[in-house]
Amino acid sequence: MKRSILVTIGSVTVIVPLIVLALSINENKAEQQVINGVPNIKPMESISAEWGKHYPRQYDSYLQTKKSDEIDDILKGNPALVVMWSGYGFSKDYNAPRGHAYMLEDNINTLRTGGPVDGDTGPMPTACWTCKSPDVPRLMGELGELDYFTGKWARFGNEIVNPIGCADCHDNETMRLKVTRPHIERGLAAEGSLKIEDATHQDLRTLVCAQCHSEYYFKPTEWTDKDGNKKVAKVVTFPWAKGFAVEDMEAYYDDINFVDWTHKVSKTPMLKAQHPGYEIYKTGAHGLNDVSCADCHMPYKREGGVKYSSHNVGNPLDDIANTCLNCHNEDEETLRNTVARKLARKNELSTTAMDVIAKAHLEAGKALELGATAAEMKPIQLDIRHAQWRWDYSIASHGSFFHAPEETLRILATAINKGQDARVKLRTVLARYNAAEFVAPDFSTKQKAQQLTGLPFQKLVDEKTVFLNTLREEWIKEATEKGLYDPETMKGVEFKTSYQ
Ligand code: HEC
Ligand code: HEC
Ligand code: HEC
Ligand code: HEC
C-alpha cells in the first residue's frame with residue numbers, strides 16, 4: 001500500500017512536469033506548424049495578404065520594402081543618357097530601382113508606359129507587366145501564354161493590380177520555392193548548363209530572382225486563336241542560347257538582326273540591355289561559390305525563437321551582421337569601404353563610356369546631316385551599337401559593380417574602346433564633308449539634352465496626368481469589383497515621380 005502511494009506520488013511528480021513540457025512543446029509545434037504546415041491557399045492567389053494570414057513574419061517583412069521609397073532620377077544625374085536613348089522610352093523617364101512594393105506603381109507612373117486612353121492604345125505591349133506582379137502567372141494560366149503576350153499594355157490594367165507577391169516564388173500547397181515564368185525554364189534549357197528540373201534548393205534561392213533580374217527581349221511569335229484569327233504575341237525571351245556572356249548575347253542579337261529601336265540622331269539600329277543581374281552575378285566570386293541572391297538580400301532573422309527569412313529584399317549593407325558577417329570576418333566599416341570603392345571605380349569608367357557614346361551619336365548625326373552615305377556610316381553604326389549595348393549590359397542591373405566587379409570593369413573597357421573606334425572613324429568622315437572641327441553640342445543637363453534631341457517632355461507629362469486621373473482610376477474600380485485589388489498591400493504607397 002505504502003509502496004503504491006509512493007509510486008503514485010512519484011509518478012505524478014514525474015508525469016505532471018512532463019505534461020506541462022509536452023503542452024509547451026505542442027504550443028511551439030503549433031507555431032512551427034503554421035510555419036511548416038500546408039494551409040489552404042488557392043492556386044495562384046495573387047493577394048499577398050491572404051498568404052500573410054498564415055505567414056505573418058514573411059508578409060510583414062515584405063511590407064517593409066515600402067520604406068525604400070526614394071525617387072532618384074538617373075537622367076538628371078546623367079544627361080548623356082537622354083542622348084544615348086534618343087527615340088526610345090528610357091530617354092523620357094528613368095529612375096533608380098526602389099523597394100519591391102513599388103514595382104507596379106512605378107511601372108504605371110513612368111512616362112515610358114505613356115498615357116493610353118483605352119485597352120487598345122499606348123506605346124507598350126502586355127509583356128511590360130511580366131516582371132511586376134503575381135497576376136501575370138495567374139493570367140498566363142487563365143488565358144494561355146501566347147494570348148497573355150498579345151496586345152497593348154493597357155489591355156490588362158484592370159487585371160494586374162498587385163505588386164510582386166508570394167505566388168511569384170512559392171507553391172501554394174507546399175510553400176516550396178518555384179519559378180512561375182515559363183521563359184526562365186526555356187532560357188535555361190537553351191543555355192544548357194543548368195536545367196530547371198535539376199535545380200537544387202540553393203539554386204532556386206537565386207533562380208526565383210532571376211525570373212525578373214535577367215536580360216530579355218520581346219520575341220514576335222505568330223499564333224492562331226480559337227476562332228482562327230492570326231495574331232502576333234510579343235513573348236519575353238531570355239537570349240541565352242549562345243551563353244550568358246555579353247559577347248554571347250551580342251552575337252545572338254546580331255545573328256537574328258534584332259533591333260530594339262533606331263536611334264533618332266545617329267540612325268543606328270540599337271539594342272537596349274535590360275537588367276542582366278543573374279548573368280553577371282554568375283561570373284563573380286559569390287556566384288562562382290554558390291552564394292545565392294537570398295543569402296545576401298533575404299537574411300535569416302529571429303523572432304521569439306522562430307527563425308525566418310526576411311522578405312524585406314533591399315540593401316544587404318543595411319544588415320551586415322546577418323549577411324556578409326555570416327561568411328566574412330572583417331569589421332563592418334572595412335566591408336562598407338570595400339563596396340564603396342567598387343562603386344566609385346565602376347562610376348569612373350561608366351561616366352567616361354556615357355560621354356564617349358553620347359558624343360559618337362551626335363557626331364554621327366552631324367555626318368548624316370552633311371550627307372554621309374549608308375556605306376560610310378555602316379561600320380560606325382555597328383561600333384556604336386556594340387559600345388552602347390556593352391555599356392548598358394554592364395551597369396543596367398545596378399548591383400553588378402559589387403556582384404562581379406572585374407567583369408563589369410572589363411565590359412566597360414570594351415564599351416569605351418568601341419565608342420572611341422566609332423569616333424576615330426567619324427573624324428575621317430566629318431573631314432571628308434569639311435567638318436573636321438565639329439564639336440558635339442552641349443548636353444550637360446537633362447533639359448538641354450531633351451531639347452537637343454527634340455523630346456516633347458511637357459506633352460508626355462500632360463498625357464500621363466490625364467491617364468492617371470481617368471483610365472487608371474477606372475482600372476482600380478473594376479479590379480476592386482472583381483475582388484482582385486487589395487488596398488491593404490497598397491496602403492502607404494504614395495504617388496511619387498521625378499516629373500511632378
Ligand atoms: C516579379 C519580378 C521580380 C522578382 C521575382 C524579384 N524582383 Fe527584385 N525587383 C523587381 C523590380 C521590377 C524592381 C524595381 C522596383 C521599383 O523600382 O519600383 C526590383 C528591385 C529590386 C531591388 C532594389 C530594392 C531597393 O530598395 O532599391 C533589389 C535589391 C532586388 N530587386 C533584389 C531581388 C532579389 C534578391 C530577388 C529574389 C529574392 C528579387 N529581387 C526578385 C522585380 C523582381
Ligand atoms: C554576396 C552578397 C550578394 C549576393 C550574392 C547578391 N547581391 Fe545583390 N547586392 C549586394 C550588394 C552589397 C549590393 C549593393 C547595395 C548598394 O550599395 O546599394 C547589391 C545590389 C543589388 C541590386 C541593386 C540595388 C539598387 O537599389 O541599386 C540588385 C537589383 C541586386 N543586388 C539583385 C541581386 C540578385 C538578383 C542577386 C542574385 C542573382 C544578387 N543581388 C546577389 C549583395 C549581394
Ligand atoms: C522573390 C521571391 C519570393 C517572394 C515574392 C516571396 N518569397 Fe517567401 N521565400 C523566398 C525565399 C528565397 C525563401 C527562402 C527559402 C529557403 O531557403 O528555404 C523564402 C522563404 C519563405 C518561407 C519559409 C520560411 C522562411 O522564412 O524561410 C515562407 C513561409 C515564406 N517564404 C512565405 C512567403 C510569403 C507569405 C510571401 C508573400 C508575402 C513570400 N514568401 C514571398 C522567396 C520569396
Ligand atoms: C554565404 C557566404 C557569403 C556571404 C553572405 C557573403 N560572402 Fe563575400 N565571399 C564569399 C565567398 C565564398 C567568397 C570567395 C572567396 C574566395 O574566392 O576566396 C567571397 C568573396 C568576397 C569578396 C572578394 C571578391 C570580390 O568580388 O571582390 C568580397 C569583397 C566580399 N566577398 C564581400 C562581401 C560582402 C560585402 C558581403 C555582404 C554584402 C558578402 N561578401 C557576403 C562568401 C560570402
Side-chain angles (χ1 to χ4, degrees), residues 25-66 99-101 103-104 130-142 162-185 188 194-213 278 290-314 319 322-323 326 483-484 486 488-489:
I25 288 174
N26 263 344
E27 233 170 71
N28 275 343
K29 272 210 178 127
E31 171 117 14
Q32 210 52 52
Q33 226 154 25
V34 173
I35 296 158
N36 300 331
V38 181
N40 194 8
I41 299 170
K42 64 177 200 237
M44 291 328 303
E45 173 56 78
S46 43
I47 295 183
S48 289
E50 288 300 319
W51 302 63
K53 288 177 185 161
H54 308 280
Y55 305 108
R57 291 178 181 81
Q58 287 80 6
Y59 177 60
D60 286 348
S61 58
Y62 157 79
L63 292 178
Q64 299 292 311
T65 60
K66 287 180 194 169
H100 269 171
M103 60 176 68
L104 194 60
T130 308
C131 62
K132 302 293 179 289
S133 169
D135 289 309
V136 169
R138 176 181 65 74
L139 277 176
M140 283 177 174
E142 286 169 22
N162 298 284
I164 186 173
C166 324
D168 280 314
C169 305
H170 289 286
D171 183 273
N172 66 307
E173 285 181 358
T174 61
M175 280 314 275
R176 282 209 195 98
L177 290 178
K178 68 163 188 187
V179 297
T180 50
R181 307 298 196 274
H183 52 254
I184 190 171
E185 299 186 28
L188 289 172
L194 169 68
K195 301 256 192 290
I196 194 75
E197 53 274 19
D198 302 330
T200 61
H201 180 74
Q202 181 66 1
D203 291 331
L204 281 167
R205 288 164 53 87
T206 291
L207 292 176
V208 288
C209 315
Q211 306 186 83
C212 303
H213 289 273
Y278 170 65
D290 228 11
V291 179
S292 72
C293 315
D295 284 324
C296 290
H297 288 280
M298 296 182 65
Y300 287 118
K301 299 269 189 189
R302 254 175 210 292
E303 205 177 277
V306 179
K307 197 173 138 194
Y308 69 101
S309 305
S310 167
H311 283 58
N312 180 5
V313 174
D319 191 7
N322 286 315
T323 56
N326 281 336
L484 293 171
D486 176 30
E488 196 53 36
T489 316

- request: Just do the side chain to side chain contact (heavy atoms under 4.5 Å, CB included) check on V313 and M298 with the steps written out, would you?
  value: CA-CA 6 Å; V313 174; M298 296 182 65; 3.8 Å; yes
- request: Apply side chain to side chain contact (heavy atoms under 4.5 Å, CB included) to the pair K42 and N172, showing each step before the final yes or no.
  value: CA-CA 7 Å; K42 64 177 200 237; N172 66 307; 5.6 Å; no
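Under the 4.5 Å side-chain criterion, counting only non-hydrogen atoms from C-beta, Y308 is in contact with K301. In this structure, C209 and Y278 have side chains that are not in contact, with every pair of non-hydrogen atoms separated by 4.5 Å or more. Residues L207 and L188 meet the side-chain proximity criterion, which asks for heavy atoms closer than 4.5 Å. Residues D486 and S48 have side chains not in contact (no heavy-atom distance under 4.5 Å, counting atoms from C-beta outward). Under the 4.5 Å side-chain criterion, counting only non-hydrogen atoms from C-beta, Y55 is not in contact with C166. Q202 places a side-chain heavy atom less than 4.5 Å from the side chain of D295.
Put simply, CG on L484 and CG on L139 are 8.5 Å apart, with the number rounded to the nearest 0.5 Å. To the nearest 0.5 Å, atoms OG1 (T180) and CE (M140) are separated by 8.5 Å. Expressed to the nearest 0.5 Å, how far CH2 of W51 lies from NE2 of H170 amounts to 7.5 Å. Rounding to the nearest 0.5 Å places CD of E197 at 8.0 Å from CD of E185. Note that the CG atom of D168 and the OG atom of S133 stand 6.5 Å from one another [nearest 0.5 Å]. Taken from OG1 in T206 to CG in L204, the straight-line distance is 9.0 Å, to the nearest 0.5 Å.
Between the side chain of S61 and the backbone N or O of H311, at least one donor-acceptor pair lies under 3.5 Å. The closest donor-acceptor contact from the side chain of N326 to the backbone of N322 lies under 3.5 Å. With D171 contributing its side chain and R176 its backbone, the two residues share no donor-acceptor pair below 3.5 Å. Checked by atom type and distance alone, the side chain of Q211 never pairs as donor or acceptor with a backbone atom of I184 at under 3.5 Å. Formation of a donor-acceptor pair under 3.5 Å by the R181 side chain with backbone atoms of T130 is found in this model. Judged by distance alone, with hydrogens and angles left aside, the side-chain atoms of Y62 form no donor-acceptor pair with the main-chain N or O of H100 at under 3.5 Å.
Heavy atoms only, all atoms of each residue included: P299 and D319 are closest at CG-OD2, 3.7 Å. Nearest heavy-atom pair across S46 and D135 is OG-OD1, 2.6 Å. Pairing each heavy atom of G52 with each of Y59, the nearest pair is CA-CB, 3.5 Å. Heavy-atom minimum distance, N162 versus I47: OD1-CG1, 4.1 Å. The two residues A101 and K66 come nearest to each other via the heavy atoms CB-CG, 3.6 Å.
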